[in-house]
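Okay, so here's the structure we're looking at.
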Amino acid sequence: MRITIDEIKAMKQRKEKIPMLTAYDYVTAKIIDEVGVPLILVGDSLGMVMLGYESTIPVTMDDIIHHTKAVARGAKKALIVADMPFMTYHIDISDALYNAARLIQEGGAQAVKPEGGEDIAEVVRRLVDCGIPVMGHMGLTPQSMYQLGGFKVQGKTPETARKLFKDAQILEQAGAFSIVFECVPAPLSKLIAETVSIPIIGIGAGPDCDGQVQVAHDMLGLYTDLVPKHAKQYARLAEEIKNAVTDYVTEVK
Ligand code: KIV
């Protein structure tokens with residue numbers, strides 16, 4: 001049986017930390033699933049680590065659906081969350097519902113992740129009313145990088161910290177089953193995680209979140225164009241691959 005959103009929420013209640021990783025293809029999803037990671041994210045980070053774009057902004061619905069299908073074939077147990085790409089949930093509610101439905105129906109995801117706070121609360125409410133589980137994403141929201149002025153820590157001033165706090169409560173009330181906090185000061189994430197009932201999954205948001213998410217290509221040392229400070233490398237796969245390819249070339253020659 002696949003993990004459900006209730007099981008994810010129950011992990012917070014029993015203070016069991018929640019690991020989450022990205023996957024974009026069949027093989028990686030299968031490995032991550034076999035290890036027992038309960039949440040897999042088909043993130044729009046695939047635009048950077050799989051497709052070579054400089055940001056997540058060019059990623060399309062078709063890109064996410066294509067990769068979500070592959071992940072759904074590989075991961076049989078984890079709950080699969082698919083990112084809603086840039087501007088696929090802002091134009092109007094029916095557009096957001098239609099696009100989220102495609103991720104679930106065509107892609108095979110069990111939940112979707114749009115970025116934002118109060119501004120997307122109505123979208124979250126309507127998606128949840130339609131039976132589509134929603135994971136929020138706040139703090140550094142890469143789809144707004146031009147507005148934010150780059151990949152920067154968010155919530156550092158009292159006003160932005162208060163807004164994050166309020167936005168998290170609004171998304172909880174709107175029915176989100178959890179929220180990703182990206183690049184948020186650790187004490188603020190801790191306070192918010194202690195206040196809301198839904199799991200806060202951090203990335204660069206300190207150790208006291210209810211769970212942690214990483215881009216698999218970062219923690220495996222595969223994507224080396226940009227190495228975020230918060231991404232500990234548990235392997236150096238880019239180097240491993242280079243060594244293997246070098247050995248192969250030498251043997252062939
Ligand atoms: O796209 C992604 O991989 C994400 C994570 C950084 C949370 O949204």
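Just follow the structure's listing: the first ligand is 1, and inside any ligand the first atom is 1.
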Show the atoms of ligand 1 that are less than 4.0 angstrom away from any heavy atom in [X].
X      : value
Asp83  : 1 (O), 2 (C), 8 (O)
Ile203 : 6 (C)
Gly43  : 1 (O), 2 (C), 3 (O)
Val215 : 3 (O)

Is ligand 1 under 4.0 Å from a heavy atom in the side chain of Thr56, in the backbone, in both, or in neither?
neither
N or O contact, Glu182 vs ligand 1, cut-off under 3.5 Å:
no
Is Thr22 close to ligand 1, meaning an N/O of one under 3.5 Å from an N/O of the other?
no
Quick test of your reading of the model: are [X] and [Y] salt-bridged, counting only N-O distances below 4.0 Å?
X      : Y      : result
Glu118 : Lys166 : yes
Glu239 : Lys242 : no
Arg236 : Glu240 : no
Lys30  : Asp25  : no

Rounded distance [0.5 Å steps], NE2 in His137 versus CG in Leu41:
9.0 Å
Protein heavy-atom partner closest to [atom] - residue, atom, separation in Å:
atom                   : value
atom 7 (C) of ligand 1 : Leu41 CD2, 3.7 Å
atom 8 (O) of ligand 1 : Lys113 NZ, 2.9 Å
atom 3 (O) of ligand 1 : Ser45 OG, 2.5 Å

Ring-ring centroid check His217 Tyr24, cutoff 6.0 Å
yes
Beyond-backbone contact of Leu220 with Gln233, side-chain heavy atoms, under 4.5 angstrom
no
